[in-house]
Amino acid sequence: MTSVTPLPLQLTVIQVPVADPRVRPLLYELGHEYSTRYGKDAHAELARYPDEEFTAPHGGVLLLLLEHGEPIAGGAFRRYDETTAELKRIWTHSAHRRRGLARRVVEELEREAEARGYRRLYLTTGPRQPEARGLYLATGYTPLFDTEADPEAIGPLPFEKHLTTEARNGKVSSP
């Protein structure tokens, strides 16, 4: 089942299974990007989780942003634990970068995660992806690492974001 949400600027958000043919550009470009930055074995990252983990029955989702019916950006989340969704596979088509689409994907994933009852988002990005690091910092994610340290010495860079109303309004209370 595919659900559709229209967005301004001729963009449409759809939820699809990983097997949907419109997901192929996302998987292809992410595989190429990971291999270029991290070597041949980077394709294994895309196969690390079963496709089912990105479906509603398993607590996940895969979203695509379509422009004139063509996929130009996307992303997914999977259940990390009972209250946390893990963002994965954030992608913008190479011909459509610098348009704020990755930010739009993250916002759509946040909305969907919150609607499904998740209270926290978690993600990691590679140390050789400064644009992803910048995206997560700019969209309110808290780095769970020393931002002054050499990213290569850290490895995957973890981030989190709480999805409570108070957190969105900047009023996080201490435990």
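The first residue in the sequence is number 1, and the count goes up from there. Small disclaimer: the values here were computed from a predicted structure and weren't measured.
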Self-check item: Minimum side-chain heavy-atom gap R99-H96 below 4.5 Å
Solution: yes
Quiz item: Which residue pairs pass the salt bridge (charged side-chain N to carboxylate O under 4.0 Å, His left out) test when at least one of the two sits in residues 73-82, sequence neighbours left out?
Solution: E53-R78, R78-E86
Quiz item: With sequence neighbours excluded, what pairs up with R89 under the side chain to side chain donor-acceptor pair (under 3.5 Å) test?
Solution: none
Quiz item: What's the shortest heavy-atom distance between G126 and L157, and which atoms?
Solution: O-CD1, 4.1 Å
Exercise. Taking the side chain as every heavy atom from C-beta outward, state whether L123 and Y136 have any atom pair closer than 4.5 Å.
Key: yes
Quiz item: Taking NZ, NE, NH1 and NH2 as the nitrogens, is one of them in R111 or E114 under 4.0 Å from a carboxylate oxygen of the other?
Solution: no
Quiz prompt | Side chain to side chain, V105 and L63, heavy atoms closer than 4.5 Å | solution = no
Quiz item: I72 versus L66: any side-chain heavy-atom pair under 4.5 Å?
Solution: no
Quiz prompt | Flag side-chain contact, heavy atom, 4.5 Å: T125 against I90 | solution = no
Practice problem: Return the minimal non-hydrogen interatomic distance between L26 and G75, and the atom names on each side. | Solution: CD1-N, 4.1 Å
Self-check item: Side-chain heavy atoms of Y141 within contact of L135, under 4.5 Å
Solution: no
Quiz item: Given Y80 and K88, is the side-chain contact (heavy atoms from CB on, under 4.5 Å) satisfied, shown in steps?
Solution: CA-CA 11 Å; Y80 186 75; K88 303 296 289 176; over 6 Å; no
Quiz prompt | Residues which pass side chain to side chain donor-acceptor pair (under 3.5 Å) with Y49, listed by chain and number, not counting sequence neighbours | solution = none
Quiz item: Any side-chain donor-acceptor pair under 3.5 Å between Q15 and E112?
Solution: yes
Quiz item: CD/E107 to OG1/T139 distance, rounded to the nearest 0.5 angstrom?
Solution: 8.0 Å
Self-check item: Beyond-backbone contact of T124 with Y122, side-chain heavy atoms, under 4.5 angstrom
Solution: yes
Exercise. Step by step, work out the side-chain contact (heavy atoms from CB on, under 4.5 Å) result for R22 and V16.
Key: CA-CA 9 Å; R22 294 170 290 187; V16 295; 3.7 Å; yes
Quiz item: Given side chains that start at C-beta, do those of L109 and V61 come closer than 4.5 Å, heavy atoms only?
Solution: yes
Quiz item: Looking at A102 and T92, what are the two nearest heavy atoms and their distance?
Solution: N-OG1, 3.6 Å
Self-check item: salt bridge (charged side-chain N to carboxylate O under 4.0 Å, His left out) pairs, two or more places apart, involving residues 118-134
Solution: R37-E131, R120-E160, R128-E152
Self-check item: Minimum-distance pair of heavy atoms, taken over all atoms of A113 and A85
Solution: CB-CB, 4.3 Å
Practice problem: Please round to the nearest 0.5 Å and tell me the distance separating atom NZ of K161 and atom OG1 of T142. | Solution: 9.0 Å
Quiz item: Can any side-chain N or O of H93 pair as donor or acceptor with the backbone N or O of A95 at less than 3.5 Å?
Solution: yes
Quiz prompt | Distance-minimising heavy-atom pair for P71 and P25 | solution = CG-CG, 4.0 Å
Self-check item: Any donor-acceptor pair under 3.5 Å from S35 side chain to H32 backbone
Solution: no
Quiz item: Between T84 and L121, is a side-chain contact (heavy atoms from CB on, under 4.5 Å) present by the stated rule, with each step listed?
Solution: CA-CA 5 Å; T84 306; L121 292 174; 5.9 Å; no
Exercise. With side-chain contact (heavy atoms from CB on, under 4.5 Å) as the test, would you mind laying out the steps for I14 and D20 before giving the verdict?
Key: CA-CA 11 Å; I14 62 170; D20 188 297; 5.5 Å; no
Quiz item: What pairs with E29 under side chain to side chain donor-acceptor pair (under 3.5 Å), at least two apart in sequence or on another chain?
Solution: W91, S94
Quiz prompt | Set of residues satisfying ring pair (Phe, Tyr, Trp, His ring centres under 6.0 Å) with respect to F77, sequence neighbours excluded | solution = Y118
Quiz item: CD/E108 to CG/L101 distance, rounded to the nearest 0.5 angstrom?
Solution: 11.5 Å
